Amino acid sequence: MTAMQFQPSADFARQLDEQDELSAFRHRFVIDDPNLIYLDGNSLGRLPRRAADRLAQAVHQEWGRRLIRGWNDGWMDLPSRLGAKIAALVGARPDEVLVADSTSVNLFKLAVAALRARPNRRKIVSDVFNFPSDLYIFQGIIDLLNQGHRLELIPSSDGVSIEPADIRAAIDEETALVSLTHVAFKSAFRYDMAQVNAWARQAGALTLWDLSHSVGAVPLRLNEWGADMAVGCTYKYLNGGPGAPAFLYVRRDLQADLRQPIWGWLGADRPFDFSLTYTPGDSIHRFRVGTPPVLSMVAIEAGLEILLEAGIDRVWAKSARQTEYLIYLFDQRLAGLGFSLGSPRSPACRGSHVSLRHPDAYRITQAMIQAAPGPQVVPDFRTPDNIRLGIAPLYTTYTDIYRAINRIETIVTERLYEAYPAIPQGVT
Ligand SMILES: *Cc1c(COP(=O)(O)O)cnc(C)c1O
């Protein structure tokens, strides 16, 4: 796909929508405000219609009527049943993925386990693009273990990408763990995961990937690419609902070597023996901690089923085309207005969102969300100057993208953003 194939007109956007083989999936989601253009599926995915139905059933039938018997009717298996569905999306075996806890907590569990599995090494390699929670978790682990571990962050020279040579240079014989976010949350830069895994393996280090901005958006082949461990969110491109539990992946032949540090009863070998001494379960079960949040887990399944039905390769093909279309419109309409592109141009090095940088980015996002008349556009703002536009191909249309770029152009050329305060407040 080259930019030559696009045209900057509303008619052309409509044509692209008419040709879109995934367009019917949009109707699987609750979308009832035609004036709202939602480009934040990378932070909180939309509500699948079936998720609302399943949730109502779980509340009224299962909790309301079955009560405690619900645990044996399927509640207890939710972490592994949903894990197996996520495994199918990320190129892993069904017994290598589990739904549990939050992304941050899973990262803690696996990072501690990894450092203890490499006791003679002291270095954790990450990068300056990583999500702050991930870096805080590593800093907290270093503080907790108090064994002289250190965190080394791979730099970026342009704020958009990371150079392969810099990754290679950071991974050495001292490295216990390489932990990176596969698709960077600000710039959408995407690593060549297989290459990084190969470098880590050669050096004897373990890898732990954060897939929060990848899963459900870009193809993943964790087994084939040799990933040791991974974590990720279910409330972004998986459409699992606000604060939905996260997932973790541990390569099968590594599971027995890893001891995670939170020894809860449901990670134990036989929880219902109520033994007074902890013995870790075998298999992926040892990475569980406590009672699963059933209602939140029930809400995840419908979104996973939609993605599996659509097929991640088709979802990604549409995402690549939509983000290229967005960048084409950016070049045509916004490039002269003080913006710069904050994401890689090539889809091969990018995830499913595009960051536009502008000195007045925060005020522009406020105007996009609040200004009337005209459509409301929901992006998100990432400090200091990023307007993030998330493409969720299951429900984002080409017309959405066309209208959003138009709206941004109007806001900037008519200086509508000047009506909004420059200081960020609340959740951005
Ligand atoms: C969204 C996100 C998280 C969120 O972690 P929680 O524990 O769910 O708050 C973590 N890492 C990355 C890379 C994210 O994008």
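Position 1 is the first residue of the sequence; numbering continues from there. Both backbone and side-chain heavy atoms feed into the values below; hydrogens, waters and symmetry mates do not. For ligands, and for the atoms within them, numbers begin at 1 and follow the listed sequence. Keep in mind that what you see is a predicted model, and the values were worked out from it rather than measured.
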Practice problem: Would you please say whether a donor-acceptor pair under 3.5 Å links the side chains of Asn223 and Glu96? | Solution: yes

Exercise. Would you mind checking which non-hydrogen protein atom is closest to atom 7 (O) of ligand 1, with the distance to 0.1 Å?
Key: Ser104 OG, 2.6 Å

Exercise. Could you tell me whether Ser133 approaches ligand 1 through its side chain, its backbone, both or neither, with non-hydrogen atoms closer than 4.0 Å?
Key: neither

Quiz item: Counting from 1, what ligand 1 atoms have a heavy atom of Thr181 closer than 4.0 Å?
Solution: 13 (C)

Quiz prompt | Min N/O separation Asn130 to ligand 1 under 3.5 Å | solution = no

Quiz prompt | Close approach, Cys233 and ligand 1, non-hydrogen under 4.0 angstrom | solution = yes

Quiz item: Which is closest to atom 3 (C) of ligand 1 by heavy-atom distance: Phe131, Phe108, Phe185?
Solution: Phe131

Exercise. Could you tell me whether the side chains of Asn197 and Tyr191 share a donor-acceptor contact shorter than 3.5 Å?
Key: no

Practice problem: May I ask you to check if Arg46 and Phe29 form a cation-pi contact, with NZ or CZ under 6.0 angstrom from the six-membered ring centre and within 45° of the axis? | Solution: no

Quiz item: For atom 11 (N) of ligand 1, what is the nearest protein heavy atom, given as residue, atom name and distance?
Solution: Asp210 OD2, 2.7 Å

Quiz prompt | Pair Arg26-Asp17, salt bridge (Lys or Arg N to Asp or Glu O under 4.0 Å): steps then yes or no | solution = CA-CA 11 Å; Arg26 184 173 160 87; Asp17 284 324; over 6 Å; no

Practice problem: Tell me yes or no: between the side chains of Asp172 and Thr175, is some donor less than 3.5 Å from an acceptor? | Solution: yes

Quiz item: Any idea how Trp225 and His182 line up, ring-wise: parallel (<30°), tilted (30 to 60°), or perpendicular (>60°)?
Solution: tilted

Quiz item: Does a donor on one side chain and an acceptor on the other come within less than 3.5 Å for Asp400 and Thr397?
Solution: yes

Exercise. Provide, to 0.1 Å, the distance between atom 2 (C) of ligand 1 and the closest protein heavy atom, together with that atom's residue and name.
Key: Lys236 NZ, 2.4 Å

Quiz item: Any idea which atoms of ligand 1 are less than 4.0 Å away from a heavy-atom of Ser102?
Solution: 7 (O)

Self-check item: Top protein contact for atom 9 (O) of ligand 1, by heavy-atom distance
Solution: Tyr235 OH, 3.6 Å

Quiz prompt | Distance-only N or O hit between ligand 1 and Asp134, under 3.5 Å | solution = yes

Exercise. Work out which heavy atom in Arg288 is nearest to a heavy atom in Met76; give both atom names and the distance.
Key: NH1-O, 3.5 Å

Quiz item: What atoms of ligand 1 come within less than 4.0 Å of a heavy atom belonging to His213?
Solution: 15 (O)

